[in-house]
*Asks:* 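Mind having a look at this structure? Questions to follow.
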Amino acid sequence: MSERRRATKRYPWRRPAGAGRADATPRPVPGPPRGEPPAPTADGAPAEIDERSVVDAAVYRDGRRVGTPDSLAATYRRLREETGAMAWIGLYRPSEAELLSLAEEFDLHKLAIEDAMEAHQRPKLERYGETLFVVLRAARYLDAPEEVDFGELHVFVGPDFVITVRHGAAPDLSAVRTRMESTPELLALGPEAVLYAILDAAVDGYAPVVAGVQNDIDEIETEVFRGDPEVSRRIYELSREMVEFQRATRPLVGMLHGLMAGFDKYGTDEELQRYLRDVADHVTHTSERVDGFRSALTDILAVNATLVTQQQNAEMRALAEAGFEQNEEVKKISAWAAILFAPTLVGTIYGMNFTHMPELHWVLGYPFAILLMAVVCVSLYLIFKRRGWL
């Protein structure tokens, strides 16, 4: 570790008054990064690191940009040359070689580098010596699909550098950089001011999401009482997004309160203290709103389940009534079919052309057959009528 780093006061983001690179032991030129080195060129020299993920790299002194290097190596050199300067390097989904190069130059802890490589981390704040490692979960509301898109941001903050590693579209750090460059008196406060600006941008980005979710919940309530069959799926998807939103906001509340608890210990500037308290208020309010959204969605889901059950009961009752009516009709048809079957049976028997049938030459045979038919039909009619089939 360089003499300049050992001379830094306990607050890991602030440089002692008058300290700079001119009176400090210069850093050695970094060698190949740890891990797999880039493939050498034909003359045996190390290949250049692919730096297409570098969104912006700048060196600032007294709150003003004094250099815009075109590579990480050039940024390292310029930072060594400038007295009392600060580097702000923005990366978007960097390669392992780039992260290892930064780790070699700025003494970044290997665990933090592993987290930045793998992403998919929960919001957290870790101190590794003089470096602060912060993981944020940013969010943005997409109007067209009506859903929440989450991004991940890793921030390394040291005595004279800020490194941001984005793994998503949010937050828009170019707007943060523009804002800080337009207020050099704030940027002059150092890397901690950049960190607070990034925190503020991430938290402010939650406001449109909260507004969009509130509108979605209002629409869902209307759809629930209108009986939309697709509303259950929408409730479930929005509930999952709110779980993810809670995972983004809840840890951030504790992180900010942890930073505020170190105000006195690390001698944080009073202006930054007020700035951080404002951010903490906003994230607390957002976290409470998200908790309320999840509770409301749970209630809406219960109401929807009740309404669906009532609708199903009504449909079952209608089916039962239809089945009962159909059964009554079947009874009537069956009863009349049985009544009509009796004379048909008698007539069929007497219609058989056997030579030796006692009733064929009987004088009262025909009246007897008719009477038999009538008796059977009337008897069946009375039986079915008593049972309610007719």
*Asks:* Output all residues satisfying ring pair (Phe, Tyr, Trp, His ring centres under 6.0 Å) with Y236, sequence neighbours left out; order by chain, then residue number.
*Replies:*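 Result, ring pair (Phe, Tyr, Trp, His ring centres under 6.0 Å) vs Y236: none returned.
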*Asks:* For residues 120-142, pull every pair meeting ring-ring contact (aromatic ring centres under 6.0 Å, His included), keeping only residues two or more places apart or in separate chains.
*Replies:*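 Every ring-ring contact (aromatic ring centres under 6.0 Å, His included) pair that includes a residue of residues 120-142, provided the two are not neighbours, is H109-Y128, F133-H154, F133-F156.
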*Asks:* A side-chain contact here means heavy atoms from C-beta on lying under 4.5 Å apart; do V165 and L99 qualify?
*Replies:*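 They are in side-chain contact.
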*Asks:* Any side-chain heavy-atom pair from V54 and L72 closer than 4.5 angstrom?
*Replies:*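 Touching, per the 4.5 Å side-chain cut-off.
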*Asks:* Is there a side-chain contact between V253 and E288, using heavy atoms and a 4.5 Å cut-off?
*Replies:*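 No, side chains not in contact.
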*Asks:* I need the minimum non-hydrogen distance between V55 and R166, along with the two atoms involved.
*Replies:*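 Taking every non-hydrogen atom into account, CG2-NH2, 4.3 Å.
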*Asks:* Specify the closest pair of heavy atoms between P94 and S53, including all atoms of both residues, with the distance to one decimal.
*Replies:*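 Where P94 meets S53 most closely, the heavy atoms are CA-OG, 3.3 Å.
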*Asks:* Kindly compute the distance separating CZ (R80) from CG (D160), expressed to the nearest 0.5 Å.
*Replies:*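 Between R80 CZ and D160 CG, I get 11.0 Å after rounding to 0.5 Å.
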*Asks:* Between C377 and P343, is there a side-chain heavy-atom distance shorter than 4.5 Å?
*Replies:*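 Contact flag for P343/C377 side chains = yes.
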*Asks:* Identify whether F106 and M117 are in the same connected component of the hydrophobic contact network (ILVMFWY, side-chain heavy atoms under 4.5 Å).
*Replies:*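 Yes, one cluster joins them.
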*Asks:* Report the C-alpha separation of D291 and Q246 in whole Å, then their side-chain angles, then the decisive distance to 0.1 Å, and conclude whether the side-chain contact (heavy atoms from CB on, under 4.5 Å) test is met.
*Replies:* CA-CA 7 Å; D291 292 342; Q246 280 184 323; 2.7 Å; yes
*Asks:* Got a sec, which residues hit side-chain contact (heavy atoms from CB on, under 4.5 Å) with R65, two or more places apart in sequence or on another chain?
*Replies:*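 Here the qualifying residues are D56, A58, Y60, T68, R177, E181.
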*Asks:* Taking the side chain as every heavy atom from C-beta outward, state whether I163 and E105 have any atom pair closer than 4.5 Å.
*Replies:*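 No, every pair of side-chain atoms sits at 4.5 Å or beyond.
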*Asks:* Going by heavy atoms in the side chains, are I217 and I300 under 4.5 Å from each other?
*Replies:*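 Result yes, sub-4.5 Å side-chain heavy-atom pair found.
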*Asks:* Is there a path from V378 to Y381 through hydrophobic residues (I, L, V, M, F, W, Y) whose side chains come within less than 4.5 Å of each other?
*Replies:*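 Yes, because V378 and Y381 connect within a single hydrophobic cluster, where side-chain heavy atoms sit under 4.5 Å apart.
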*Asks:* Do V162 and L195 touch side chain to side chain, with heavy atoms closer than 4.5 Å?
*Replies:*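 In short, these two side chains do not touch, never coming nearer than 4.5 Å.
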*Asks:* For M86 and P191, work out which heavy atoms get closest and say how close.
*Replies:*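 Closest approach of M86 to P191, heavy atoms only: SD-N, 3.4 Å.
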*Asks:* Identify whether V283 and L125 are in the same connected component of the hydrophobic contact network (ILVMFWY, side-chain heavy atoms under 4.5 Å).
*Replies:*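 Yes, one cluster joins them.
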*Asks:* Check the pair H285, V210 against side-chain contact (heavy atoms from CB on, under 4.5 Å), reporting the backbone distance first and the verdict last.
*Replies:* CA-CA 11 Å; H285 176 70; V210 169; over 6 Å; no
*Asks:* Let me confirm one number: the CG-OG distance from L301 to S232, rounded to the nearest 0.5 Å.
*Replies:*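 Reported to 0.5 Å precision, the distance equals 7.0 Å.
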*Asks:* Any idea which heavy atoms bring A193 and L186 closest together, and the distance?
*Replies:*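 Result for this residue pair: CB-O, 3.3 Å.
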*Asks:* Quick check: closest heavy atoms across Y206 and F245, and the distance to 0.1 Å?
*Replies:*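 Heavy atoms of Y206 and F245 come nearest at CD2-CE2, 3.6 Å.
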*Asks:* Scan residues 330-347 for pairs that pass side chain to side chain donor-acceptor pair (under 3.5 Å), counting only residues two or more places apart or in two chains.
*Replies:*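 Counting only pairs at least two positions apart or across chains, no side chain to side chain donor-acceptor pair (under 3.5 Å) contact touches residues 330-347.
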*Asks:* Can you hop from V303 to V231 via hydrophobic side chains spaced under 4.5 Å?
*Replies:*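 Yes: a chain of side-chain contacts under 4.5 Å links V303 to V231.
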*Asks:* In sequence, state the C-alpha distance, the side-chain angles, and the governing distance for S287 and R250, and then conclude on side-chain contact (heavy atoms from CB on, under 4.5 Å).
*Replies:* CA-CA 6 Å; S287 180; R250 277 187 176 178; 3.9 Å; yes
*Asks:* Restricting to side-chain contact (heavy atoms from CB on, under 4.5 Å), what partner residues turn up for S239, sequence neighbours left out?
*Replies:*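 For S239, the residues satisfying side-chain contact (heavy atoms from CB on, under 4.5 Å) (neighbours in sequence not counted) are I235, L297.
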*Asks:* Looking just at side-chain N and O atoms, do T131 and D107 make a donor-acceptor pair shorter than 3.5 Å?
*Replies:*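 D107 and T131 do not have a side-chain donor-acceptor pair below 3.5 Å.
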*Asks:* Can R233 and E237 be said to form a salt bridge (Lys or Arg N to Asp or Glu O under 4.0 Å), step by step?
*Replies:* CA-CA 6 Å; R233 180 185 182 89; E237 292 176 347; 3.2 Å; yes
*Asks:* So does Q326 have more than 12 non-hydrogen atoms from other groups sitting under 6.0 Å from CD?
*Replies:*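 No - once you tally the heavy atoms of other residues, nucleotides and ligands closer than 6.0 Å, there are 12 at most.
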*Asks:* Any idea which heavy atoms bring M255 and V134 closest together, and the distance?
*Replies:*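 Minimum heavy-atom separation between M255 and V134: CE-CG1, 3.6 Å.
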*Asks:* Grouping I, L, V, M, F, W and Y whenever their side-chain heavy atoms are under 4.5 Å apart, do F225 and L238 come out in a common cluster?
*Replies:*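 Same hydrophobic cluster.
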*Asks:* Answer yes or no: is there an ion pair linking E152 with R137, defined by an N-O contact shorter than 4.0 Å?
*Replies:*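 Counted as a salt bridge, because a side-chain N and a carboxylate O are separated by less than 4.0 Å.
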*Asks:* Which side chain to side chain donor-acceptor pair (under 3.5 Å) pairs, counting each pair once, include a residue from residues 218-228, with sequence neighbours left out?
*Replies:*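 Of all non-adjacent pairs touching residues 218-228, those that pass side chain to side chain donor-acceptor pair (under 3.5 Å) are Q214-D218, N215-E219, E219-R234, E223-R234.
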*Asks:* Does the pair R140/D172 count as a salt bridge with the N-to-O cut at 4.0 Å?
*Replies:*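 Here R140 does not pair with D172 in a salt bridge, since their nearest N and O are not under 4.0 Å apart.
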*Asks:* To the nearest 0.5 Å, what is the distance between CZ (R277) and NE2 (H282)?
*Replies:*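 That separation rounds to 14.0 Å.
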*Asks:* Set out, in order, the CA-CA distance, both residues' side-chain angles and the distance that settles side-chain contact (heavy atoms from CB on, under 4.5 Å) for E241 and V209, then state yes or no.
*Replies:* CA-CA 11 Å; E241 291 178 351; V209 178; over 6 Å; no
*Asks:* Is the closest side-chain heavy-atom distance between L252 and T286 below 4.5 Å?
*Replies:*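 They are not in contact (no side-chain heavy atoms under 4.5 Å apart), so the answer is no.
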